[in-house]
**Q** 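Submitted below is the structure of interest, expressed as structure tokens.
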Amino acid sequence: MNGEELTEQETALYDRQIRVWGVDAQRRLSKSHILVSGLKGTVIEFCKNIILAGVGSLTLNDDRPVTDELLSANFLIPPDETVFGEKSLAELSCESLKDFNPMVRVSVQKGDLSSFGVDFFDKFDAVVVSCCSLNTKKSVNEKCRKSSKRVAFYTVDCRDSCGEIFVDLQDYTYSKTKMDKMTECKLQYPSFEEAIAIPWRSLPRRLSKLYFAMRVIERFEEYQGRMPGQTSAADLPNVLNLRKELCEAHSLSEHQAPDALIERLLSGTREFPPVCAVVGGILGQEVIKAISGKGDPLKNFFFFDAMDGKGIIEDIGKTNDDA
Amino acid sequence: MATEQQLSAIKGEKVLMVGAGGIGCELLKTLALSGFQDIHIIDMDTIEVSNLNRQFLFRQSHVGQSKAKVARDAVLKFRPNISITPYHANIKDPDFNVDFFKKFSVVLNGLDNLDARRHVNRLCLAAGVPLVESGTTGFLGQVTVHVKGKTECYECQPKPAPKTYPVCTITSTPSKFVHCIVWAKDLLFARLFGDKNQENDLNVRSSDASGSSEPAEDVFERKRDEDIEEYGRRVYDHVFGYNIEVALSNEDTWKKRNKPRPIYVRDVELAEVIQQNGNLDKVSVFSDPLSVSAMTTIGLKNPQDVWSLAENSRVFLEALKLFFLKREKEIGNLTFDKDDQLAVEFVTAAANIRASSFGIHLHSLFEAKGIAGNIVHAVATTNAIIAGLIVIETIKVLQDDVKNYRMTYCLEHPSRKMLLMPVEPFEPNKSCYVCSETPLTLEINTNNSKLRDFVEKIVKAKLGMNLPLIMHGSALLYEVGDDLEEDMVANYAANLDKVLAQLPSPITGGTIITVEDLQQELTCNINIKHREEFDEENEPDGMILSGWTQALAQKNDETSKENGASTSNVSQTVSLEDEEDDELQILPAFSGFAGNKRKLTDNANSSSSDLSCVGDENKDCDDSEAIVMLDGYGERKKCRVQ
């Protein structure tokens, strides 16, 4: 393998997908390095997708010990405590993921995500974080931005039967085919911190209500020092108070983050595997697009709610005032 | 929503999955994780290498084994306490009858072909079991829910017919590479290596145009003791040189078209081929006939490269020679198979040489194989998303949550900000012959059409019946089954060769006949209308079935130009058959049913939600399927340049 031409083995294995995205994209995929942190169901789905797609390497970060709750949407680890030993969620997942595609290097990086420096993130082409605090999201995003080359940054979180993806591709140029002609497109992404700092009243009208509900809960967890998802219906009164505060500060009607939706998100802490599959699938497609430089990437939030079945893209960065 | 309520709806329910391929693997995993405990899964296929990029329950070591069984074992590893029952079988087997279907609360399709989808649809209707149907191709996919009496059935909407091309486009006036492929595969390859008794249009044009009396038959026959190299060049010169010259002599054809260029072996730099004769020795190392390769003996390596005219010519001659030297026994019985390396090489080379003649862009072997084998584009992510959506719908079906059923499209480009777009399901189509038992009408010449023609062209090809029974009043005219008496079998065989009007119980104009499929429990009444004449070009079947909803074959742009008349002029066609290899997408074309549609529940953004049928012009591949999208799908969001 000289890294330039696909081997016969690769051509045979990837035949069907090369027919979707082309040989160049496949070559770029096979040279790419991906980091994931926070291995719950959605991220596990993502890992499967990206390994099948044939990335160069995948690094897993999650030192948590295995629990029943963590395995509720995990199809990598047999529910057999005798095999768990002292191993972490990342270590056990790694063993199974390796089998999915012998051409992908899968490894574990121990340690606290927030403790890694810029030079650590510099090794990757895409970083996907989940189940981490608001502060960690912001700081990892900033470190990716400080890297010498572009490191695509993604966050993904599911609550109840809803999911959210955030994408930061910084300054991104890609090609797309329109009417048989290749054209070059440029996009500018805000960081996570920049995006969520945009005053709510200046956001596009009819923005997905999930956006506001997720921001309120995220802030609540931050204030309370809780891990993401460590919530219950009992938190509802406090969260509604916080919503009121935030909505007043932003001059936004509280209806934009309805009670019923917030209650669902607080109480539905058990993962819903079909949503993990849907959101992990969309995320996989987005990372493939960003690495291959082909196809319109998502900019910059994606929301899915199994209740209404809609998978919606929201562009939060540009404000009404920009126009 | 992932609640106790849902878990209790799931618990104890028996579900049937049809298909353990791309969607099937993802679906079985997601069902198991979601708490389903009694899953039956059917697939007749075994695992192939090209499945491994997305059918993640399978490994290299499983190649050749039953998909259903390996999938079961893989899922039991992480959910050991559930019950999964695999069947390595064809869903159309008589064992899987209505009683079998009745055992299930819901049926989930992850199929790859129209025929099996229709079959399952009928069994679900007959058994009164809800069906969740799905399909994907590339980044596109869809999930639909079919519940008898509540939503449309799978066959309520016309389905896009396999793409067909007018014969004259293929034989005389190709304008796209796919036309050259169809010519190389269905005409030239079939003529040289297939069944000699099959009808083949390859010769027709050369003889009508020149009026030459040369019996074209002989050209393709290798003469006794003819040198193989000599023979190859003779075939080459005939099809790429002489036939083009003949076509050129018909000047009218070329008034508005670019003239093709005849190509003869002597025009092409073949020196190296001659030098390389010695290389044939290498071939003997291959034991598997499917691995004999002209590319290898010539020294071409990369299937992604586009070969020059000279290289294509070398591959053509070499492949032809190898068929005669290494696979002579198969000649006369070969049909094109995308996994047959030498056949793919021959067809690629022949199509490219023809493309050179006609000034059409040449293509690589990889691309040509995709077109010739009609290989469906497939990625893991779309299958995973679709499987998730299937489970979401399945849970609603089990909760009988009818008002929340949705059909969902997975799009490549967002439409009104949506990548996943739910739409309310359609109501049953009252004129659907499958779920509403509406009678059909058949125009046919009852004085010269045989029962056999009716069975083949209508009952099997159009009505999709598997084990048909044909009755006129109480008289049984035809039946298929294992348990028939010998004299009945003889009787039916005799009937097949009889003209309709001369059957023991004659079928004439005004007759109503009943066609039934006992396995599908589907009955159709057909009103017979006698008609003397049929137009050979426009009505090649010699019979017209109406009240039957199949979309018109997709027409090519140039068709209308060519005929200078309405597009319905075309009909003698060569079809590019689907290779049933993968998750073939069958997206219904809704264009004829605009009056039936319902709106999106939440139409905050727009009040119009017309369904329309648009081609996905963004794909660079020629054989992209027609796909149904909501209005606005065609106008892609412009890229913001900042």
**Q** Thinking salt bridges, do Lys48(A) and Glu26(B) make one under a 4.0 Å N-O criterion?
**A** yes
**Q** Using only atom types and a distance under 3.5 Å, with no angle test, would you say the side chain of Glu393(B) pairs donor to acceptor with the backbone of Ile390(B)?
**A** no
**Q** Is it the backbone or the side chain of Asn101(A) that comes under 4.5 Å from a heavy atom of chain B, or both, or neither?
**A** neither
**Q** Name the region of Phe303(A), side chain, backbone, both or neither, that has any atom closer than 4.5 Å to a heavy atom of chain B.
**A** neither
**Q** Name the region of Asn302(B), side chain, backbone, both or neither, that has any atom closer than 4.5 Å to a heavy atom of chain A.
**A** side chain
**Q** Is Asp15(A) salt-bridged to Lys338(B), going by a charged N under 4.0 Å from an acidic O?
**A** no
**Q** Could you tell me which portion of Thr11(A) (side chain, backbone, both or neither) has an atom closer than 4.5 angstrom to a non-hydrogen atom of chain B?
**A** side chain
**Q** Heavy-atom distance under 4.5 Å to chain A: side chain of Lys77(B), backbone, both or neither?
**A** backbone
**Q** With a 4.5 angstrom heavy-atom cut-off, which part of Phe46(A) approaches chain B: side chain, backbone, both or neither?
**A** neither
**Q** Please classify the contact of Phe58(B) with chain A as side chain, backbone, both or neither, using a heavy-atom distance under 4.5 Å.
**A** neither
**Q** Using a 4.5 angstrom heavy-atom cutoff, name the option from Cys162(A), Gly54(A), Pro79(A), Gly284(A) with the most pairs to chain B.
**A** Pro79(A)
**Q** Do the non-hydrogen side-chain atoms of Leu420(B) and Leu411(B) ever get within less than 4.5 Å of each other?
**A** no
**Q** What about Phe166(A) and Tyr154(A), are their ring centers closer than 6.0 Å?
**A** no
**Q** Specify which of Pro274(A), Ala53(A), Gly309(A), Gly281(A) makes the most heavy-atom pairs with chain B at under 4.5 Å.
**A** Pro274(A)
**Q** Sort Leu13(A) into side chain, backbone, both or neither according to what part of it lies under 4.5 angstrom from a heavy atom of chain B.
**A** both
**Q** Under 4.5 Å from any heavy atom of chain B, what part of Ile282(A) do you find: side chain, backbone, both or neither?
**A** both
**Q** Need one label for Gln60(B): side chain, backbone, both or neither, based on atoms under 4.5 Å from any heavy atom in chain A.
**A** neither
**Q** Keeping Arg270(A) on the side-chain end and Ser267(A) on the backbone end, is there a donor-acceptor pair under 3.5 Å?
**A** no
**Q** Looking at CD1 of Ile44(A) and SG of Cys276(A), how far apart are the two atoms once the value is rounded to the nearest 0.5 Å?
**A** 10.0 Å
**Q** Ring centroid separation for Tyr172(A) and Tyr174(A), is it under 6.0 angstrom?
**A** yes
**Q** Please check if the side chain of Ser175(A) supplies one atom and the backbone of Thr183(A) the other of a donor-acceptor pair under 3.5 Å.
**A** no
**Q** With a 4.5 angstrom heavy-atom cut-off, is it the side chain or the backbone of Asn74(A) that approaches chain B, or both, or neither?
**A** backbone
